[in-house]
Amino acid sequence: MAQVRVRFAPSPTGFLHVGGARTALFNWLFARRAGGKFVLRIEDTDRERSKPEFEEGIIRDLQWLGLDWDEGPSLGGPLGPYRQTERASLYRDQLKKLTSAGNAYYCFCTHKELEAERASAVEAGKSYRYSGKCRKLSPAESEEKRKSGLPFSVRLRVAEGATTFSDIIRGQVTVEHAEIDDFILVRSGGEPTYNFVVTIDDALMKISHVIRGDDHLSNTPKQILIYKALGLSLPLFAHIPLILGEDRTPLSKRHGASAVGEFKRQGYLPEALLNYLALLGWSLDGKTELFSKDDLIKKFSLDRVVKSAACFSYEKLQWLNGHYIREADEERVYQLCLEYLWDADAINEDFMREGGPALKRMIGTVKNSLKTISDVGDQITYFLGEVHSYDAEAFAKYLVPETIPILEKVVLVLEDTVAFSAMSLEEKFREVSKETGKKFAEFVHPMRLAITGRAASPNLFELIEILGKGRCLVRCLRFIQMIKAELSKGESVKTPAPPAE
Ligand code: GLU
């Protein structure tokens with residue numbers, strides 16, 4: 001078989017979304033597995049909606065996911081250029097071939113005439129197809145109209161019959177030509193249409209397999225008609241299923257993040273998103289869920305792509321992300337958290353001067369419980385700033401007079417401990433619990449609440465060591481004051497003040 005050459009052909013009219021990223025991934029895996037080429041082509045024929053910042057964004061997101069291409073804009077390659085706006089002369093040449101062979105014709109119908117045709121079809125309850133009025137013009141009539149300066153579009157002459165192709169995923173697909181009218185190849189303003197340019201590009205770039213979203217399935221018969229009219233050999237087609245949200249409607253912003261850049265900003269790791277995208281419509285054996293990039297290259301195949309739509313689960317993606325954060329090395333996670341905290345204004349230069357060295361240790365203590373990098377801000381609030389609120393249930397539990405002597409003891413121990421390390425602190429509190437006959441937990445829980453505001457945290461003694469003696473003492477003393485104040489409020493309610501004499 002000829003060399004495998006596949007392409008990802010985004011339109012730079014928006015940022016890269018999960019659907020596009022998954023298409024890119026499937027193409028990339030298919031090429032890498034076969035030792036073929038992965039081509040990036042920018043489909044920017046819609047000049048009004050295409051923007052350089054979208055192209056840059058798409059490229060940045062593909063690079064972030066680690067999907068590298070062998071040919072593409074900037075990089076170049078033997079069959080470029082790889083941006084459609086730079087390929088106008090190639091389209092003109094192919095169009096000339098079609099018109100001179102009589103496979104395409106000029107259409108002079110005005111917008112108004114076409115609208116009238118459409119309206120009467122709608123009125124008759126039929127779906128609209130172009131009447132083919134201009135296909136009947138003789139070459140001389142057509143030439144004369146063109147010379148007179150009338151605006152025209154160019155349409156493909158579609159013969160009667162049907163087009164059948166065998167899709168790698170969908171199986172045999174047949175479309176009756178009665179469903180397809182003489183569709184436009186070049187608009188009257190001179191702008192070529194998607195179906196025309198995509199066919200020319202895929203053919204001239206020697207694409208062997210067109211792997212793309214299901215939403216393009218209805219375009220494929222039209223493209224096949226163009227290949228045939230030009231005598232070009234056909235690629236194989238594989239249409240991958242749509243991605244739906246959990247409510248079974250096509251995934252969109254309504255469901256949450258759907259752009260790759262958004263997932264990145266929310267603190268997903270590229271390997272987690274990549275792994276998850278692979279599972280959207282593909283499965284190895286129905287049960288394996290963790291795949292590294294190398295595993296995927298070894299195991300990916302189009303025959304295990306399902307026909308039915310894939311359902312996007314944020315929960316599953318988070319689970320995978322948590323897994324990859326736990327697997328990632330500490331320095332990398334620290335750097336990502338640092339970047340996140342800066343961007344979120346949770347830290348600044350002053351903070352870094354004083355708390356910087358401890359921040360790394362602090363992040364190390366929560367690393368294994370992060371589902372996304374952006375969880376870090378919430379998980380270490382008691383380290384980043386003061387404790388302003390307390391877990392309500394735990395607070396209610398410790399809002400009793402018995403908490404006061406316990407925390408007073410905690411204060412004494414903290415004050416007395418010279419070697420302020422997690423290990424020696426823990427030892428000290430175990431001794432204190434023996435001495436006082438109270439359970440170790442009786443000290444740990446209120447102490448945790450006073451110092452972190454939370455009912456649960458990573459190892460408390462490690463936190464105390466990281467936070468330092470001063471901060472921990474202040475928090476415990478303040479907590480004692482608060483309990484006293486709250487309890488005395490309660491007292492004054494219970495025992496009303498005596499009536500004035
Ligand atoms: N440019 C098209 C899009 O963004 C893709 C075309 C194709 O894959 O054939 O949807």
Side-chain angles (χ1 to χ4, degrees), residues 4-31 37-59 61-62 67 69 71-73 79 81-87 90-91 94 163 165 167-170 173 175 183 185 187 191-227 232 234-243 250-252 258-261 277 280-281 302 305:
V4 163
R5 289 180 57 82
V6 292
R7 57 22 169 223
F8 176 53
S11 305
T13 52
F15 291 111
L16 184 65
H17 281 247
V18 286
R22 195 238 349 218
T23 300
L25 173 64
F26 283 15
N27 275 284
W28 183 84
L29 290 172
F30 188 74
K37 299 283 185 221
F38 176 56
V39 176
L40 175 66
R41 183 173 73 227
I42 299 294
E43 303 210 321
D44 56 352
T45 43
D46 185 340
R47 287 182 188 251
E48 233 169 75
R49 291 174 56 225
S50 297
K51 301 250 155 46
E53 59 266 35
F54 291 136
E55 180 181 324
E56 282 155 26
I58 291 168
I59 287 180
D61 291 342
L62 289 173
L67 303 179
W69 48 97
E71 298 168 28
L79 300 171
Y82 295 89
R83 210 177 266 116
Q84 286 183 329
T85 45
E86 295 163 17
R87 296 174 64 80
L90 298 167
Y91 306 139
Q94 298 301 320
T163 291
F165 66 99
D167 186 275
I168 296 173
I169 296 161
R170 308 287 295 228
V173 179
V175 178
F183 59 91
L185 302 174
R187 294 197 179 86
E191 191 188 314
T193 59
Y194 157 72
N195 279 314
F196 179 51
V197 292
V198 86
T199 306
I200 305 306
D201 290 344
D202 286 340
L204 299 186
M205 290 182 182
K206 299 191 187 330
I207 298 301
S208 60
H209 297 72
V210 170
I211 306 168
R212 62 183 167 201
D214 238 354
D215 47 333
H216 285 292
L217 190 64
S218 62
N219 288 319
T220 304
K222 294 184 181 175
Q223 293 170 18
I224 291 176
L225 287 167
I226 302 175
Y227 281 100
L232 297 165
L234 288 170
L236 293 171
F237 292 95
H239 288 89
I240 48 187
L242 267 178
I243 302 176
L251 188 72
S252 73
S258 64
V260 170
L277 291 174
L280 284 175
L302 287 174
V305 173

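Whatever order the structure lists them in is the order used to number ligands and atoms, beginning at 1.
Remark: side-chain polar atoms of D202 are not paired, donor with acceptor, to backbone N or O of I207 under 3.5 angstrom. Checking side-chain atoms of D61 against main-chain N and O of V260 turns up no donor-acceptor pair under 3.5 Å.
Heavy atoms of Y194 approach ligand 1 to within less than 4.0 angstrom.
Summary of contacts: the protein heavy atom closest to atom 10 (O) of ligand 1 is H216 NE2, 3.0 Å. Atom 5 (C) of ligand 1 has its closest protein heavy atom at A9 O, 3.3 Å. Remark: minimum distance from atom 4 (O) of ligand 1 to any protein heavy atom is reached at S11 OG, 3.2 Å. The protein non-hydrogen atom at the shortest distance from atom 1 (N) of ligand 1 is E43 OE1, 2.6 Å.
For the residue pair D214 and H239, no side-chain donor N or O sits within less than 3.5 Å of a side-chain acceptor on the partner.
Classification of the H216-Y194 ring pair by plane angle, with boundaries at 30° and 60°, yields tilted.
Looking at R7 against ligand 1, only its side chain comes within 4.0 Å, counting heavy atoms.
Among the candidates I224, L217, V173, the single residue satisfying the side chain to side chain contact (heavy atoms under 4.5 Å, CB included) test with F237 is I224.
Below 4.0 Å from some heavy atom of V198 lie the following atoms of ligand 1, by number and element: 9 (O).
A heavy-atom distance below 4.5 Å is found between the side chains of R7 and V210.
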